[in-house]
S.K.: 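Have a look at this one before I ask anything.
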Amino acid sequence: MARAAAAEAFSRRLGAAVRGLSGAWYNRHMAAADRAIRARLPLVDLVLEVRDARVPATSAFELLHRRSPEEPDVRRLVALNKADLADKSETEWVAFMKQRGCSCIAVNSHSRESINELLNAVRGRIREIKLGVSDCTGTVLLVGIPNVGKSAIINAMHQIGRIGAAEKGKLKHAIVSSHPGETRDISGYKVASHPNIYVLDTPGVLSPIFANDESGPRLVLTGAIKDSLVEEYEIAQFLLTVLNLRTECREWENLNLDGDKSSFADAIPTRSCHTKRQYSSDHTQDFIVRAVRQALSETIASFQGDLGNENDLRRLVEIQFTHLQNAFRISAETIEDRNKCVAVKLLNLYRTGRLGHYTLDHVPDVRQEVAA
C-alpha cells in the first residue's frame, strides 16, 4: 500500500502536467471528427469500439458514453487491441465487459488468426442485426481514441476480407502510424462478402476532459497523447515507477548478458540474419534490450531504500537513468540531452512490448466507474 502511495506522487505530477495542457490535443480536426462521428452513429448497423488492452477502462471512447437520453442506443462490439502487449494474467476484462452486457473480444492486430476471430465476431453481429439474412449489406463504424490501432485493424480486416471475397481488386490502405492523430478523414473499406460488410474508419477522438486523475498519465504512457505535448523525461519517470513496483522486473535478476534462451523466449525472440524483425516500430538490438533489463533488475536488487517512500523511489529512478545511459550507450553532452535520449528509447521499448507486458487498468479498481 505504501509503495503504491509513493508511486502515486509521480502519477499526480504527470497528471498535473497533462491537465495543464487544457485539452491541447483536442484541436479543430478532432472537434470536426467528433461531430462527423456523432452524425453517423444513428446511420450504421454496428459500432466497433477499439480500446487499448493495457488500459481497457481509460481508453474507452467517451463520445459513446456522453450521448443524451433522447439519442438511440448503439449496437456495439468492443475490441481490446494490443492484447499482445497486455499482461496475460489480466484475463478478466473480456468477461467483465460481457457481464456488463457488452460484447467484447481481445485482439492483436498483427495476428492473422486474431483478426479472423474479430471478423467472425463482426459477421456474427451483423447477421444477428440483419436477422440471419446472408445476402445483405452491413455497415460498421470503427471508433476509438488516438493510437489504439484502428487503422492497423481495418487494414488487416480489409486484406483478409478481400482475399476471401469473390471479387479481387486493388487494396485501399489506411494510414498506420505510431503517432496519435494521423487519421484525419472518414474512409470506407469492404471487409467481407455474404453478408457484404463495409467498415468506416474514423479519426481518433480523445475527450479534452478526463474522468479521473489516473487517466492522463496512463494515456500519455500508452501513446494516446503525443509525447511532444509532455516532457518525455516525466513520462519515463512514471514508467520506471510502474516497472519498479511490478514483480516482472525482479525476475530479470536471474538473466545473464548472454541471453539465456529459456529466460528471454517470451520477450526477446532469437533470430537469424534472415529472420524478419518482429518489432516494426522498434530497431533496438536485442543485446541492448538485455542490457536495459539487466540494468533495471540490478538497480532494484541493490537498492537499499524504501520503495514506499516517495524520496527514496525518486532516488532509485535517478540512479536508473544513470545506469540506462550506459545500457543504451548514450553519449550526449548535457545531462538533459542524455535523460531525454534515455526516456525516448525506454518509452519505445515499453510501447513495443520489449520490457514485458503490463495492464495498467485493473478490473477491481474500476468496477464502479468503467463505462461498459
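This structure is a prediction, so every number in the text was calculated from the model and none was measured.
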S.K.: Dump the intermediate steps for side chain to side chain contact (heavy atoms under 4.5 Å, CB included) on Ile300 and Leu243, then the final yes or no.
M.R.: CA-CA 10 Å; Ile300 294 174; Leu243 297 178; 6.0 Å; no
S.K.: Measuring only between side-chain heavy atoms, which start at C-beta, is Tyr26 closer than 4.5 Å to Asp34?
M.R.: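 The answer is yes; the side chains approach within 4.5 Å.
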S.K.: Hey, does Met30 have a side-chain heavy atom less than 4.5 Å from the side chain of Pro203?
M.R.: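 A side-chain contact under 4.5 Å is absent here.
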S.K.: To the nearest 0.5 Å, how far apart are CG in Leu46 and NZ in Lys130?
M.R.: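 If we round to the nearest 0.5 Å, Leu46:CG and Lys130:NZ are 11.0 Å apart.
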S.K.: Are any side-chain N or O atoms of Asn81 and backbone N or O atoms of Val50, one a donor and one an acceptor, separated by less than 3.5 Å?
M.R.: no
S.K.: For Tyr233, check side-chain contact (heavy atoms from CB on, under 4.5 Å) against everything at least two apart and list the hits.
M.R.: Gln237, Phe321, Asn339
S.K.: Between Leu316 and Gln320, is a side chain to side chain contact (heavy atoms under 4.5 Å, CB included) present by the stated rule, with each step listed?
M.R.: CA-CA 6 Å; Leu316 172 60; Gln320 289 174 321; 3.9 Å; yes
S.K.: Considering all heavy atoms of both residues, which atom of Leu206 and which atom of Pro146 are nearest to each other, and what is their separation?
M.R.: CB-CD, 3.7 Å
S.K.: With Arg123, which residues qualify under salt bridge (Lys or Arg N to Asp or Glu O under 4.0 Å), at least two apart?
M.R.: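 Result, salt bridge (Lys or Arg N to Asp or Glu O under 4.0 Å) vs Arg123: none returned.
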S.K.: If I compare all heavy atoms of Gly305 with all of Arg315, which pair ends up nearest, and what's the gap?
M.R.: CA-NH2, 4.1 Å
S.K.: Count I, L, V, M, F, W, Y as connected when their side-chain heavy atoms are under 4.5 Å apart, and connections chain through other members. Are Ile129 and Leu41 then in the same cluster?
M.R.: yes
S.K.: State, with a plain yes or no, whether a side-chain heavy atom of Ile319 is found less than 4.5 Å away from one of His323.
M.R.: yes
S.K.: With a 6.0 Å cut-off (strictly less than), is the heavy-atom count around CG of Leu43, excluding the residue itself, greater than 12?
M.R.: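 More than 12 heavy atoms, drawn from other residues, nucleotides or ligands, come within 6.0 Å of this atom.
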S.K.: Do Leu307 and Asp312 come within less than 4.5 Å of each other through their side chains, counting heavy atoms only?
M.R.: no
S.K.: Given side chain to side chain contact (heavy atoms under 4.5 Å, CB included), test Leu221 with Leu347 step by step and report yes or no.
M.R.: CA-CA 8 Å; Leu221 180 56; Leu347 289 171; 3.8 Å; yes
S.K.: May I ask you to test the Val199-Leu48 pair for a side-chain heavy-atom distance under 4.5 Å?
M.R.: no
S.K.: Looking at Arg125 and Glu128, is there a salt bridge between them, counting it only when a charged N and a carboxylate O are closer than 4.0 Å?
M.R.: yes
S.K.: Show your reasoning for whether side chain to side chain contact (heavy atoms under 4.5 Å, CB included) applies to Tyr189 and Met157.
M.R.: CA-CA 9 Å; Tyr189 302 80; Met157 291 176 70; over 6 Å; no
S.K.: Does Glu49 use its side chain to pair, donor to acceptor, with the backbone of Phe61 at less than 3.5 Å?
M.R.: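 A pair under 3.5 Å: yes.
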S.K.: Is there a chain of hydrophobic side chains (I, L, V, M, F, W, Y, each step under 4.5 Å between heavy atoms) that links Ile335 to Ile235?
M.R.: no
S.K.: Among the clusters formed by ILVMFWY side chains lying less than 4.5 Å apart, do Ile225 and Leu85 turn up in the same one?
M.R.: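 No, because Ile225 and Leu85 fall into different hydrophobic clusters, even though each may have its own neighbours under 4.5 Å.
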S.K.: Nearest heavy-atom pair of Ala224 and Ile145: which atoms, and what distance?
M.R.: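 Scanning both residues, the minimum pair turns out to be CB-CD1, 3.9 Å.
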S.K.: Restricting to side-chain hydrogen bond (donor to acceptor under 3.5 Å, both in side chains), what partner residues turn up for Ser11, sequence neighbours left out?
M.R.: none
S.K.: In chain order, what residues pass the ring-ring contact (aromatic ring centres under 6.0 Å, His included) check against Phe328, with sequence neighbours excluded?
M.R.: none
S.K.: Could you tell me how the ring of Tyr358 sits relative to the ring of Tyr350: parallel (under 30°), tilted (30 to 60°) or perpendicular (over 60°)?
M.R.: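 Ring orientation, 0 to 90° scale: tilted.
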S.K.: Salt bridge between Lys340 and Glu336, side-chain N to carboxylate O under 4.0 Å?
M.R.: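 Between Glu336 and Lys340 there is no salt bridge, as every charged N stays at least 4.0 Å from the carboxylate O atoms.
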S.K.: Taking side-chain contact (heavy atoms from CB on, under 4.5 Å) as the test, write out the residues that go with Ala86, two or more places apart.
M.R.: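 Testing Ala86 for side-chain contact (heavy atoms from CB on, under 4.5 Å), a comparison that skips the adjacent residues, returns Ala53, Arg54, Thr359.
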S.K.: Does any N or O in the side chain of Lys98 come within less than 3.5 Å of the main-chain N or O of Ile105, such that one atom is a donor and the other an acceptor?
M.R.: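 No: the side chain of Lys98 does not pair with the backbone of Ile105.
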S.K.: Around Glu231, counting heavy atoms of other residues, nucleotides and ligands shown, do more than 12 lie under 6.0 Å from its CD?
M.R.: no
S.K.: I need the full list of salt bridge (Lys or Arg N to Asp or Glu O under 4.0 Å) pairs touching residues 14-29, with sequence neighbours left out, sorted by first then second residue.
M.R.: Arg19-Asp213
S.K.: If only atom types and distance count, is the side chain of Gln304 paired as donor or acceptor with the main-chain N or O of Ser302 below 3.5 Å?
M.R.: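 Flag set: sc Gln304 to bb Ser302 pair under 3.5 Å.
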S.K.: Main chain of Val55, side chain of Trp93: is a donor-acceptor contact present, judged purely on distance under 3.5 Å?
M.R.: no
S.K.: Taking Leu118 as the starting point, is it possible to reach Ile160 by hopping between hydrophobic residues whose side chains are less than 4.5 Å apart?
M.R.: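 Ile160 and Leu118: one cluster.
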S.K.: Give the minimum heavy-atom separation between Arg76 and Ser103, together with the two atoms involved.
M.R.: O-CB, 4.1 Å
S.K.: Pick out which of Asn212, Asp361, Thr222 makes a side chain to side chain donor-acceptor pair (under 3.5 Å) with Thr58.
M.R.: Asp361
S.K.: Taking the side chain from Asp52 and the backbone from Ser59, do they hold a donor-acceptor pair closer than 3.5 Å?
M.R.: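 Checking the backbone N and O of Ser59 against the side chain of Asp52, no donor-acceptor pair under 3.5 Å is found.
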S.K.: For Glu234, check salt bridge (Lys or Arg N to Asp or Glu O under 4.0 Å) against everything at least two apart and list the hits.
M.R.: none
S.K.: Of all residues at least two apart in sequence or in a different chain, which pass the side-chain contact (heavy atoms from CB on, under 4.5 Å) check with Arg35?
M.R.: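 Arg35 satisfies side-chain contact (heavy atoms from CB on, under 4.5 Å) with Ala31, Ala32 once adjacent residues are dropped.
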S.K.: If we ignore hydrogens and angles and just use 3.5 Å, is the side chain of Thr139 paired with the main-chain N or O of Tyr198 as donor and acceptor?
M.R.: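 Pair absent, no side-chain N/O of Thr139 close to backbone of Tyr198.
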S.K.: Counting C-beta onward and ignoring hydrogens, is there a side-chain heavy-atom pair between Val191 and Val122 closer than 4.5 Å?
M.R.: no
S.K.: Over all heavy atoms of both residues, which pair between Val94 and Ala106 is shortest? Give the atoms and the distance, please.
M.R.: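 Closest approach of Val94 to Ala106: CG2-N, 4.0 Å.
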S.K.: Using side chain to side chain contact (heavy atoms under 4.5 Å, CB included) as the criterion, point out the one residue from Val205, Thr202, Val148, Leu200 that pairs with Val143.
M.R.: Thr202
S.K.: Any sub-3.5 Å donor-acceptor pair from His357's side-chain atoms to Asp84's backbone N or O?
M.R.: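 Checked: pair present.
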S.K.: For Asp337, check salt bridge (Lys or Arg N to Asp or Glu O under 4.0 Å) against everything at least two apart and list the hits.
M.R.: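 Salt bridge (Lys or Arg N to Asp or Glu O under 4.0 Å) list for Asp337, sorted by chain: empty.
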S.K.: Is there a side-chain contact between Asp45 and Val140 (heavy atoms, below 4.5 Å)?
M.R.: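 No, every pair of side-chain atoms sits at 4.5 Å or beyond.
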S.K.: Listed by chain and number, what are the side-chain hydrogen bond (donor to acceptor under 3.5 Å, both in side chains) partners of Arg12, not counting sequence neighbours?
M.R.: none
S.K.: Under the 6.0 Å and 45° cation-pi test, does Arg13 pair with Phe10?
M.R.: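 Yes, Arg13 and Phe10 form such a contact.
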S.K.: If the condition is salt bridge (Lys or Arg N to Asp or Glu O under 4.0 Å), which residues does Arg351 pass it with, not counting sequence neighbours?
M.R.: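 By the salt bridge (Lys or Arg N to Asp or Glu O under 4.0 Å) rule, Arg351 matches Asp227.
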S.K.: Could I get the full list of side-chain hydrogen bond (donor to acceptor under 3.5 Å, both in side chains) partners for Thr241, not counting sequence neighbours?
M.R.: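 Scan of Thr241 (side-chain hydrogen bond (donor to acceptor under 3.5 Å, both in side chains), adjacent residues dropped) gives none.
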S.K.: Measure from the side-chain N and O atoms of Asn120 to the backbone N and O of Asn116, and report whether any donor-acceptor pair falls under 3.5 Å.
M.R.: yes
S.K.: Are Leu77 and Leu119 linked, directly or through other ILVMFWY residues, by side chains that come within less than 4.5 angstrom of each other?
M.R.: yes
S.K.: State, with a plain yes or no, whether a side-chain heavy atom of Asp286 is found less than 4.5 Å away from one of Arg354.
M.R.: yes
